[in-house]
Amino acid sequence: MKRVKISEILREPKLGTETIVKGWVRAFRSNRFIQLNDGSTINTLQAVVDFEQFDESVLKKITTGAAVGLKGLLVESQGSGQSVELQVSEVEIIGEANPDDVQKTVMQPKKHSLEFLREQAHLRFRTNTFGAVFRIRHAVSFAIHEFFNQRGFYYIHTPIITGSDAEGAGEMFRVTTLDPTNPPLNEDGSVNYKEDFFGKPVNLTVSGQLEGELAALALGQIYTFGPTFRAENSNTSRHLAEFWMIEPEVAFNDIHDNMDLAEDMLKYICSYVMNHFADDLKFLSDREATEQQSKPQNERTELSLIERLQFVTSNDFKRITYTEAIDILRNSNHYKKKKFQYEVDWGTDLQSEHERYLVEKEFKRPVIITDYPASFKAFYMRRNDHSEPGRETVAAMDILFPGIGEMVGGSQREERLDVLKEKCAAFHIPEEDLWWYLDTRRFGSVPHAGFGLGFERMVMFVTGMSNIRDVIPFPRTPQNAEF
RNA sequence: UCCUCCUUAGCUCAGUCGGUUAGAGCAUUUGACUGUUAAUCAAAGGGUCCUUGGUUCGAGCCCAAGAGGAGGAGCCA
């Protein structure tokens with residue numbers, strides 16, 4: 001007989017049939033009731049053992065955390081907390097768990113802090129919260145692939161090891177096989193990278209975008225979905241040294257097509273999770289609601305997690321230009337009462353507090369800000385045709401989410417070779433490093449656009465978790481690469 | 001990297017003005033009970049009060065330095 005997953009049993013219970021389940025004991029109450037979870041769902045199956053029919057030594061081993069196989073008859077439950085239960089006739093102890101040891105872990109049946117759970121990343125999968133988070137992380141991932149596949153996008157794998165530092169997106173991790181204590185040196189004392197594995201210095205990628213553009217300018221529409229690495233000493237609840245990013249790129253799209261695509265994608269993800277992982281979502285929504293009760297009124301969220309997802313899918317994102325954003329901020333009472341710590345001036349980047357004001361106070365919904373000043377945006381973003389003199393802007397777009405900040409950053413790309421070369425010079429990027437990128441603008445260049453979605457930030461929004469370390473199985477942050 | 005806060009039992013936390021033997025709930029163990037739902041009842045075990053140094057007759061509590069963690073900022077996704 002094959003084991004049946006608990007998710008199947010609970011979805012379509014075949015009452016009166018002999019069934020085998022295997023999983024981990026969450027609780028064993030009254031020497032009679034086993035609460036069994038096998039990871040297929042957040043819900044547990046109640047298994048009832050008649051303790052008079054089993055050996056004491058077997059019952060002793062049914063402890064929290066232990067792995068067991070149970071065979072028995074599926075029947076309607078006499079108790080009120082569940083509809084079906086398993087009347088156990090055979091117990092197999094598959095893996096024991098010593099209660100004294102379990103007591104020191106996150107598996108003991110009680111509430112734990114997220115910090116404590118983080119210290120046991122290898123065991124936190126066993127908890128309701130992280131089981132739900134990682135099932136939903138899968139759902140978000142799968143929804144993204146499904147979304148793009150349905151629209152005829154091709155999934156492209158861009159390199160993880162890269163020789164170009166062109167995007168300047170941040171500090172990079174060096175990849176080398178040289179002996180750090182005794183590297184080969186040039187005559188002038190510098191490290192001789194010709195002797196390194198690739199014959200030149202290489203790093204872990206900070207973005208697959210430039211490579212993605214090459215594919216898009218042949219295959220039409222592509223997306224990447226891979227790990228990304230930033231060696232920045234960022235110690236916040238929104239940053240990781242290793243994270244995952246989705247970067248679609250579409251030939252012939254302009255900035256408006258780009259916004260439509262991003263908005264559709266974000267809505268699709270929310271719908272998918274609501275439709276397919278409702279149990280996990282409800283658990284997380286209730287969990288957040290309980291947590292909110294211990295917070296002061298002004299720090300509570302107005303909508304529940306589920307309501308926030310519904311809100312996103314059923315309302316258009318607010319679209320404004322950077323210049324309009326500056327006007328709104330400067331005309332706000334918040335500004336007039338001097339409640340912003342940072343000055344609001346055309347030409348400087350928006351600070352976190354400004355973005356939060358726009359998203360959380362002014363519009364109360366996701367906001368897309370476009371047409372930023374060229375001075376603080378990347379070299380590859382397309383220069384707008386009708387910029388005021390001295391106020392040159394680029395066709396950039398950032399999508400800001402409540403509680404998260406920047407969820408998506410993208411732009412229409414500079415397709416004009418002469419302008420792009422000008423920008424390279426202005427940003428001190430040597431053209432010879434990017435010859436392969438510039439080539440795309442020589443052989444049938446076309447307008448195109450794309451964006452990057454921070455995968456973990458999306459999972460944060462969908463699960464309601466407030467620390468990015470709690471939505472990735474094994475977080476890598478400064479001074480922390482355990483497991 | 002900067003600012004603020006935190007570190008007491010396995011976990012979550014209390015610990016008064018610096019004063020005798022540092023407490024509670026949960027968890028664990030033992031026993032009782034047995035249709036429970038974070039089961040209940042009784043008892044027991046469990047402490048480098050983060051580390052080092054200082055002040056003091058006396059420090060969990062005051063001071064200094066360090067370590068670890070959290071929140072916020074910057075950078076960004």
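Throughout, a chain's letter reflects where its sequence line sits, starting with A, and its residues are numbered from 1.
Summarising the base pairing, B:rG19 is matched to B:rC57 through a Watson-Crick or G-U wobble pair whose two defining distances lie under 3.5 Å. As the counterpart of B:rA67, B:rU7 is assigned, both hydrogen-bonding distances of the Watson-Crick or G-U wobble pattern falling under 3.5 Å. The base-pairing partner of B:rA73, taking Watson-Crick or G-U wobble contacts with both distances under 3.5 Å, is B:rU1. Of all nucleotides present, none satisfies the Watson-Crick or G-U wobble test against B:rC33 with each distance under 3.5 Å. Pairing partner, B:rU12: B:rA24, with both Watson-Crick or wobble hydrogen-bond distances short of 3.5 Å.
In terms of polar N and O atoms assigned as donor or acceptor, the side chain of A:Q35 never comes within less than 3.5 Å of the base of B:rU37 in a complementary pairing. Below the 3.5 angstrom threshold, one finds no donor paired with an acceptor across the side chain of A:H112 and the base of B:rC11. For A:Q82 and B:rU36, a side-chain-to-base donor-acceptor distance below 3.5 Å is present, hydrogens and geometry of angles not being considered. Below the 3.5 angstrom threshold, one finds no donor paired with an acceptor across the side chain of A:E115 and the base of B:rG68. Interface remark: the A:S234 side chain does not form any donor-acceptor pair with the B:rC76 base, using a distance-only criterion of under 3.5 Å.
At the heavy-atom level, A:E52 lies nowhere under 4.0 Å from the strands shown. If you check every strand for non-hydrogen atoms under 4.0 Å, A:N233 touches a base. Within the nucleic acid shown, A:G454 comes within 4.0 Å of sugar-phosphate atoms alone, with no base atom in reach, counting heavy atoms only.
When each of A:W244, A:Y223, A:F243, A:F225 is tested with A:F455 by the rule ring-ring contact (aromatic ring centres under 6.0 Å, His included), just one qualifies, namely A:F225. Checking each of A:Q412, A:E213, A:K423, A:Q209 against A:Y380 for a side-chain hydrogen bond (donor to acceptor under 3.5 Å, both in side chains) leaves exactly one that passes, namely A:Q209. Checking A:N31, A:V91, A:I62 one by one against A:F54, the side-chain contact (heavy atoms from CB on, under 4.5 Å) holds for a single residue, A:V91.
Cation-pi geometry between A:K377 and A:Y372 is met: the NZ or CZ atom falls under 6.0 Å from the ring centre, inside 45° of the normal. Relative to the six-membered ring of A:Y357, A:K339 misses at least one condition, a distance below 6.0 Å or an angle of at most 45° to the axis.
Nucleotide B:rU12 holds its P atom 6 Å from the CZ atom of A:F116, rounded to whole Å. For the pair A:Q351 CD and B:rG72 C1', the computed distance is 13 Å after rounding to whole Å. In this structure, the CD atom of A:Q108 is 9 Å from the C1' atom of B:rU28, given to the nearest Å.
For the P atom pair drawn from B:rA39 and B:rU29, the interatomic distance equals 14 Å after rounding to whole Å. As rounded to the nearest Å, B:rG69 and B:rU8 have C1' atoms that lie 16 Å from one another. Spacing between B:rU16 and B:rC11 at atom C1', rounded to whole Å, works out to 26 Å. Nucleotides B:rC61 and B:rA22, compared at atom C1', are 12 Å apart to the nearest Å.
Side-chain atoms of A:N467 lie closest to B:rA70 of the nucleotides B:rG35, B:rA70, B:rA39.
A sub-4.0 Å separation between OP1 or OP2 of B:rA39 and a side-chain N or O of A:R29 is present. Here A:S113 reaches the OP1 or OP2 of B:rU12: one of its side-chain N or O atoms lies under 4.0 Å away.
Comparing A:H239 and A:G81, the nucleotide of RNA chain B nearest to each residue sits closer to the 5' end for A:G81.
Note that the OH atom of A:Y272 and the CZ atom of A:F147 stand 14.5 Å from one another [nearest 0.5 Å].
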